[in-house]
Protein chains: 2
Amino acid sequence: MTSSSPPGGSARRSRGRPAVPLDRILATALQLVDEEGAEALSMRTLAQRLESGTATLYRHFGNRATLITHVIDRVFGEVELDSSSLAEVSWDQACQTVARAMFDTLGRHRKIAPLLIEQTPTGPNAMVLRERCLAVLLDGGLPPDLAARAYATLSRYVLGFAIQLAGSGDDAERERVSTHFHDLPSDEFPATRAVADSLPVPLEDEFAFGLELIVDSLRRLRTP
Amino acid sequence: MTSSSPPGGSARRSRGRPAVPLDRILATALQLVDEEGAEALSMRTLAQRLESGTATLYRHFGNRATLITHVIDRVFGEVELDSSSLAEVSWDQACQTVARAMFDTLGRHRKIAPLLIEQTPTGPNAMVLRERCLAVLLDGGLPPDLAARAYATLSRYVLGFAIQLAGSGDDAERERVSTHFHDLPSDEFPATRAVADSLPVPLEDEFAFGLELIVDSLRRLRTP
DNA sequence: ACCTGAACACCGTTCAAGT
DNA sequence: ACCTGAACACCGTTCAAGT
């Protein structure tokens with residue numbers, strides 16, 4: 001009650017209170033996840049940040065799951081894919097560009113990936129992204145059934161790695177694991193010890209490495 | 001109190017109560033996850049199934065996370081990998097066998113995958129599995145740094161797909177998505193409509209498809 | 001020693017009551 | 001119409017008190 005004084009006599013609350021705009025709810029929710037993690041996105045915490053009450057949120061969303069659905073599609077909306085530049089590059093480069101754009105966006109919102117497990121995204125932005133990805137595969141000369149499988153593999157691949165980004169970026173954990181591997185007895189763990197210097201591999205490198213392997217093989221599957 | 005009667009007069013509770021064996025805690029915890037999902041594994045629910053109290057669990061595990069760590073390594077212990085049969089097959093077949101064995105086990109415990117995101121598994125069973133996988137890659141002729149990256153890619157690939165198994169297997173959801181794709185306007189979504197009959201692809205097929213693509217490319221990277 | 005009940009500070013969700 | 005406070009049935013975790 002001490003925080004805000006009425007801004008002049010005229011700008012009074014119309015009736016009840018000004019409605020909380022849906023866009024502000026989603027922006028605040030995404031910000032909350034980015035800053036504090038997916039589990040911090042509780043109805044209470046979100047309502048607090050909006051200086052509102054939990055029941056207000058239930059006016060816009062039936063439950064926490066649908067709120068999350070909307071937050072997710074907001075993230076899909078951030079994927080940057082320039083159509084013209086996609087058309088200029090080779091087929092396999094286009095594949096990698098789409099996958100990387102998706103991965104980069106999810107990398108910018110590392111903490112949101114765990115929320116993506118539960119549902120196949122069917123928000124408007126997700127639909128558009130899938131369409132463009134499938135268009136690249138079909139234009140590249142893959143027959144529809146193979147294009148469908150290639151798309152599914154690629155999107156699962158991206159999502160699978162993106163989800164693991166959540167537990168990544170923790171230097172202390174990386175250090176702990178590396179030390180653990182170096183301290184292993186060489187008689188029981190010769191192979192692990194032999195590659196201990198190269199582990200753990202940063203997840204971003206892993207992603208790029210595997211993506212190249214997949215797209216390379218995919219290229220050979222096109223109609224010859 | 002009605003469930004068990006003392007087996008003869010001598011086998012009395014030594015002092016206090018008989019300790020709850022750690023193995024029974026873990027078996028019950030895994031069963032709970034398998035039956036009701038990862039989020040059902042609450043300290044309270046687990047204690048209830050054990051006919052014990054939550055504080056008893058904190059005698060064995062400092063917190064819920066370490067309890068989960070132990071449950072996870074129990075699952076890794078179920079991965080079936082016959083050493084001799086691995087030695088008989090070709091290098092790329094061995095790769096696929098290891099990856100599939102891991103995926104199959106996680107498929108048998110679909111609901112545990114979400115718990116795997118947070119931590120790099122370093123339990124005893126996980127360590128042994130990694131060692132054997134790396135041995136295959138090194139024996140196959142990959143130099144250590146490449147073997148490390150190949151291993152990381154493969155294990156991330158398996159885990160990434162396994163995590164997504166959690167939200168899979170729901171026929172209603174598959175039907176919903178399929179219908180949604182078929183009802184799209186063909187002018188806005190020509191590519192999606194063109195492959196709508198082939199979507200969604202079962203996750204197991206996706207996994208096998210992508211795994212083959214990766215191993216195919218990996219085979220070409222060996223010392224020629 | 002090991003277990004227990006009760007407590008603390010949280011959740012998602014609902015609903016009668018306010019303006 | 002839209003928002004609010006309080007309630008209900010849950011969490012993970014801790015701790016004094018029991019046997």
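Per chain, numbering begins at 1; letters A, B, ... match sequence-line order.
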Would you mind reading off the distance between [X] atom [atom1] and [N] atom [atom2], rounded to a whole angstrom?
| X | N | atom1 | atom2 | answer |
| --- | --- | --- | --- | --- |
| B:Leu22 | C:dC2 | CG | P | 13 Å |
| A:Leu57 | D:dC2 | CG | C1' | 13 Å |
| B:Gln48 | D:dG12 | CD | P | 11 Å |
| A:Phe61 | C:dT13 | CZ | P | 13 Å |
| B:Asn63 | C:dC10 | CG | P | 18 Å |
| A:Arg64 | C:dT13 | CZ | P | 8 Å |
| A:Met43 | D:dC10 | CE | C1' | 16 Å |
| A:Leu50 | D:dT4 | CG | P | 10 Å |

With heavy atoms under 4.0 Å as the rule, sort B:Ser42 into base, sugar-phosphate or nothing. sugar-phosphate
Next item on the list: Report which part of the nucleic acid B:Leu41 touches: base, sugar-phosphate, or nothing (heavy-atom distance under 4.0 Å, all strands).
Entry: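 Touches sugar-phosphate only.
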Could you tell me if the side chain of A:Leu32 sits less than 4.5 Å from the side chain of A:Thr45, heavy atoms only?
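Side-chain contact under 4.5 Å: yes.
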With side chains defined as the heavy atoms from C-beta onward, is the minimum distance between B:Ile112 and B:Asp34 less than 4.5 Å?
no
Task: Heavy atoms of other groups near A:Glu80 CD, more than 12 under 6.0 Å - done: no
- May I ask you to decide whether A:Arg24 forms a salt bridge with A:Glu51, counting only side-chain N to carboxylate O separations under 4.0 Å? no
Exercise. Are the side chain of A:His180 and the backbone of A:Arg176 linked by a donor-acceptor contact shorter than 3.5 Å?
Worked result: no
| field | Polar side-chain atom of A:Arg130 near backbone of A:Tyr151 as donor-acceptor pair, under 3.5 Å | value | no
Where DNA chain C forms runs of at least three Watson-Crick or G-U pairs (i with j, i+1 with j-1, under 3.5 Å), the stems are C:4-8 with D:12-16, C:12-16 with D:4-8
Protein N or O to nucleotides 5-7 of chain C N or O, pairs below 3.5 Å:
residue: C:dA7; atom: N6; partner: B:Arg44; partner atom: NH2; Å: 3.4

**Prompt:** Who passes side-chain contact (heavy atoms from CB on, under 4.5 Å) against A:Ala135, sequence neighbours left out?
**Reply:**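 Checked A:Ala135 against side-chain contact (heavy atoms from CB on, under 4.5 Å); matches are B:Ala191.
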Nearest heavy atom decides the nucleotide; on that basis, is A:Arg59 or B:Arg59 closer to the 5' end of DNA chain C?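 By nearest-heavy-atom nucleotide position, the 5'-most residue is B:Arg59.
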Review point. Taking atom types as modelled, is there a side-chain donor on A:Arg132 or A:Ser83 under 3.5 Å from an acceptor on the other?
Key: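 On atom types as modelled, these side chains qualify, holding a pair under 3.5 Å.
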> Which word best sums up how the rings of B:Phe103 and B:Phe161 line up, parallel for under 30°, tilted for 30 to 60°, or perpendicular for over 60°?
Replying inline: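 Perpendicular.
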